[in-house]
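Worksheet for the structure shown next.
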Amino acid sequence: MIEFQLITPESAAQAAQLASASHTAQQGAEIRFVAGGTTLIDLMKLDVETPAKVIDINRLDLAKVEKQPDGTLRIGALVRNSDLAHEPNVLRDYPVLSQALLSGASAQLRNMATTGGNLLQRTRCMYFRDLAYSECNKRNPGSGCAAIEGLNRTHAILGTSEHCIATHPSDMAVAMMALEAVVHVVGASGERDIPIGEFYLLPGATPQNENVLKPGDLITYVTLPAAAANSKSHYLKLRDRASYEFALASAAVIVMTEGGRITRARVALGGVGTRPWRSHEAERALEGKAASEQHFHAAADAALRDAKPQSGNKYKIELSKRCIVRALTTATTQA
Amino acid sequence: MPQAPAPNLIGTSVPRIDGPLKTSGTAKYTSDHNFPEMLYGVPVQATIGKGKIKSMDVAEAEKMRGVVRIYRYGNAPKLYRPNGQDENAHVDETRPPLEDEVIYYNGQYVAMVVAETFEQAKAAANKVHVEYASETPNVALDLSDGFNDKMKEISKRGDVDAGFANAAVKVDYTYSTPIETHNPIELHSTVAVWDGEKFKLYETTQSIMNHQAAMAQMLGVPKENVQIVMKFLGSGFGGKLWPWTHDVLAAAAARDLNRPVKVVIDRRMMFSNVGHRPRTQQRIRLGATAEGKLNCLQHDYVSDTSILDEVSEDCGEATPYIYSTPNLRIRGEMVVRNVGTPTAMRGPGAVPGLYALESGMDELAIALKVDPVQLRLMNEPEIDESNGLPFSSRHLKECLTTGAEKFGWSKRNPAVGSMKRGDLTLGWGVACASWIAMRMPCKTSLMLNDDGSARIACATQDIGTGTYTIFAQVVNAKTGVPVEKIQVVLGDSSLPPGPVSGGSWVTGTVIPSIANAADNAEKQLIDLAVNGTRSPYHGRDPKELAFSEGRIHLASEPASSGIAFDELLRKGSLRFIQADGDSMASFADPNANKHSLHSYGAQFAEVEWDPGIARLRVSRVVSVIDVGKVLNPRPARNQVEGAIVMGIGMAMFEETHYDPRNARPVNSNLADYIMTTCADCPEIDVTFLDYPDKVLNEFGARGVGEIGLAGVAAAITAAVYHATGVRIRNLPIRIEDLISGSSNKQHFA
Ligand SMILES: Cc1cc2nc3c(=O)[nH]c(=O)nc-3n(C[C@H](O)[C@H](O)[C@H](O)COP(=O)(O)OP(=O)(O)OC[C@H]3O[C@@H](n4cnc5c(N)ncnc54)[C@H](O)[C@@H]3O)c2cc1C
Ligand code: SF4
């Protein structure tokens, strides 16, 4: 960890203004917001993040969950993961989000982790986290990727490039992908709404850029669309042990059925993609079809059709497929 | 009024006497010690696995705020090697740190920054720039290079090759276990204080006496000039048995700078610089008659060690005596890899060894179509066939039958995948456990005070297992002083020398020494009673007197008729009497030498398998343990339950992954090194048979720290086979192996 200056602004606008002096909001930012600190401080201790200024946003009034008149749910960026998971509106209308949150990290971490911070958590690629490896395009653009020829059992199989194969490890964001959340940002040049489907970038040749945020952009809220009546959902997370481990494969599914037919399906995957992975392919394979195991398999095949495994993670294709099938089965067979 | 005899607390669940200190956060652990003017040391680790330091640039780091000194090759204080012939000064990694510019393993310390604060030292350590001439390291997982003609013969009887040739049913498989890293929550730490002549070293150690001798030798000072203190340990699992390089670095820096120095290594260093359980590869060849009588057992094993030191994982530990067979051969070998020096981990040798042997037994049972419990019962030996000695106390058969009963084994359908619980497939497996029983030499000092209290002192240590309480219970049993009036003083090398906390031998070891101290105290009290002018027994023949329930009395009369020892002391105006206790090692004891001394157990495991999502969970473990008399069932149960949890980790999760390109352990943190969590813990049912083993000591207690881990992994992989048809021969069990649906076939040998 290097010495840094800690600043505590009083308003969102002031926070955004202060941070806009950074040359980037992506890897290498010299100014960082800190919320729960469970990602940022960890990476600062490892010297992977080396901001000269850290802006503590915990005093800002962004810790509320509010149902809006139009039926949408507005979640403040500072709402803690544990609070959000147990929030009555979330439990009633968006159980898939609660399940995803509770499957993440540990109780202690969830008590600190915030909605905004969770969206922006960094990959657990061990080469990214270890300065002993000079090769990491995400940390050190143009240096290569130590994982492609290295140990990559936990890495991504969807959305990878020859420059980076790291997963986005969030569970919460996977559920939000399926829920089609909207990320609300206050920036130096005003406010904007970013549909979560457009929020994350593929690594391509610039894996250091993970999302569309610009210097000074502060996430203030995440909005969930009004809950669709009669929808059934499930979040399933598969991993080696039962708790406190990132997903090897996970799936958030939301389906609406009419007379045994699927009228609308949302499928998002975790643990396998370079970003929280919305699978339109799986959704297309489901919509209009009977809610049957045969079609669940077809959807799983469609979701993984373009998967590109590495030396250590071929198993993830099959695991992810089984995860999708089981999540759909569980969702559609519940009362 | 006749007094009721004091209840004997041996065998009862006396609460830990150090419990309140721990639960209230007032117990002072090693790194809790702070001193005025104290400095902080942070080591710098090599980032290559093999090669040499070409150059080191410390200019930037040296200028940073708070930095006092940066030690490296060239300016490091002179340090020495421990005398390898002195087994009381044992060190696994014997190379003094910073001795040369050669890199033997990734993570090796190449420098240590000493600064005014921890943060300053850490920041500067990250700014030490090292250039290396790097070579390709070797961390190959396949250890077949060790299966050669030079393998060392460990045990042999009969002719295994002939036995195998003549066997009606045979199995011949190779098993492997990965490198596992000790991950006690308490990081290795040291706080070194130098007073110009002597060292006082606060250490995280399981062996203060060995630590004292080894540190003295490496620092080049007389042993008397080194005092080691360790009052509470946040666990060790064997990783804290011997000193490691940060210990001597801290002490040398304290002497050099003439200020106290604290070094707390970080979790990443825990993965490279303080030992690990080495990787093993083991070939098990078994042959049996058509009925299932073993007629040959061959166990060949190879473990990996570092370039620097030879530390072997003796996988054949339990193999020579656990079953009856006329033909047996055990051979062992080490191969060299670019890893840090390995060290003992809970149940060293026997634990990985029994994983392989007991897996082989399960495979043999299947080949024979014999129930796996039955197969073991059929091959129970009468005596220890490796040396012809009778067993001091062996109840392995009862472990198996009691376990089978408790587990419900008779309801087991042996067909693979045949047992269900709802949508889940069940698997049931069994394996046997064994561990050495031994006593080490031990000295103690017992004080009986004029206020009726007692103090017992010994330079051994409580590593979190309950040793403080065991001392109090034994003193109570021998003197009648109530537990709450007994002060137990351990963890300081200036006390009478006691045993290393390893090998599960502390409990067995300290009993005879405390008993001897109590006998000597009794002699002193009786002397006082017959000689003291104000004693009611003045002038009596000492032979007429006895000491029991805390009172001196006529041997012919009950204790209640006599005088309490504290009253006797007060009459004589004595503050206390102090008596020494001394006891010898079991290997020096002629009677113990006439016996084969071991503990035994049987592990039964149930797994739940959800094939649809390839999810495997251990749902139930029944463990029946034969460790002699259990002095205190609560911490004893706690030891076995903890060991089973660790066994689940060994079977299903734990493996340190080294990047083959630079030999670096890459999953070196508690999120990426997967261990058992509470959510993975099944229902655990532990039974102690509780047969005293009087050959070892008067209470018949052996020791319970390690046995619970033995056999667990084999029972789980047997259950996995029963549920899935997949035989896991390479630990840990991985989702990818279960998904593939085929057994590990790698025939390394
Ligand atoms: C051991 C471990 C295990 C974990 N396991 C899981 C798991 O299983 N599943 C899972 O989903 N997650 C897991 N996590 C990740 C955890 O969920 C995240 O660390 C957490 O959600 C981050 O939130 P935070 O508030 O602490 O973020 P911080 O660390 O405070 O911030 C993270 C990043 O977001 C930025 N930021 C924070 N808030 C804002 C804002 N409002 N606007 C703009 N930028 C902002 C910060 O500048 C920083 O770059 C784990 C973490 C750890 C350490
Ligand atoms: S996968 Fe991405 S994060 Fe990991 S080493 Fe490669 S470039 Fe870096």
Side-chain angles (χ1 to χ4, degrees), chain A residues 1-4 38 42 45-47 50 103 105-107 109 124-127 129-135 146-147 149-154 169 236-246 248-251 293 296 312-327 329-330, chain B residues 45-49 64-65 106-107 118-120 122-127 266 268 423 610-618 648-649 652-655 657-662 664-672 674-682 732-741:
Chain A
M1 192 181 270
I2 61 163
E3 288 197 40
F4 60 90
T38 60
D42 187 22
K45 286 189 192 167
L46 297 170
D47 278 356
T50 52
S103 75
S106 63
L109 284 158
R124 286 295 299 198
C125 170
M126 42 245 194
Y127 301 110
R129 294 168 54 84
D130 187 350
L131 262 53
Y133 292 89
S134 54
E135 288 186 334
E149 301 274 303
L151 300 174
N152 49 37
R153 175 177 187 259
T154 57
L236 177 64
K237 178 172 179 179
L238 303 182
R239 45 184 159 181
D240 298 303
R241 64 180 167 193
S243 168
Y244 188 53
E245 187 183 1
F246 292 92
L248 296 173
S250 74
E293 197 163 317
F296 298 162
N313 64 9
K314 286 189 190 68
Y315 75 99
K316 277 197 174 184
I317 298 180
E318 178 62 22
L319 193 67
S320 179
K321 285 184 185 176
R322 294 194 192 187
C323 187
I324 296 168
V325 172
R326 176 63 62 85
T329 310
T330 307
Chain B
Q45 294 185 277
T47 55
I48 64 161
M64 288 170 72
R65 195 139 61 92
N106 202 316
F118 169 73
E119 290 77 6
Q120 290 166 341
K122 174 87 178 117
N126 288 355
K127 295 291 177 209
D266 67 18
R268 184 174 268 157
D423 292 337
D610 185 342
I613 50 173
R615 180 181 279 171
L616 181 77
R617 297 284 181 251
V618 178
I648 292 169
M652 306 213 357
F653 310 123
E654 292 194 43
E655 173 168 15
H657 294 288
Y658 291 78
D659 188 320
R661 296 166 299 182
N662 61 359
R664 192 165 171 85
V666 287
N667 55 337
S668 54
N669 60 68
L670 292 184
D672 295 326
I674 307 296
M675 292 187 287
T676 316
T677 64
C678 290
D680 298 291
C681 291
I733 302 161
R734 298 179 315 155
I735 288 176
E736 32 280 58
D737 294 328
L738 299 175
I739 279 192
S740 81

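Every value quoted in this text rests on a predicted model; they were computed, and no experiment measured them. By convention in this document, chain letters (A, B, ...) are assigned in the order of the sequence lines, proteins followed by strands, and residues within each chain are numbered from 1.
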Given that the side chain runs from C-beta out, which part of [X] has a heavy atom under 4.5 Å from chain A: side chain, backbone, both or neither?
X	result
Asp266(B)	neither
Met675(B)	both
Asn667(B)	neither
Asn106(B)	neither

Checking heavy atoms, do the side chain of [X], its backbone, both or neither come under 4.5 Å from chain B?
X	value
Leu248(A)	side chain
Lys321(A)	neither
Ile324(A)	neither
Asp130(A)	both
Glu3(A)	side chain
Ala146(A)	both

- What one should report as the nearest heavy-atom pair of Arg322(A) and Pro611(B) is NH1-O, 2.7 Å

- Query: Is there a donor-acceptor contact under 3.5 Å from the side chain of Arg615(B) to the main chain of Ala242(A)?
  - Reply: no

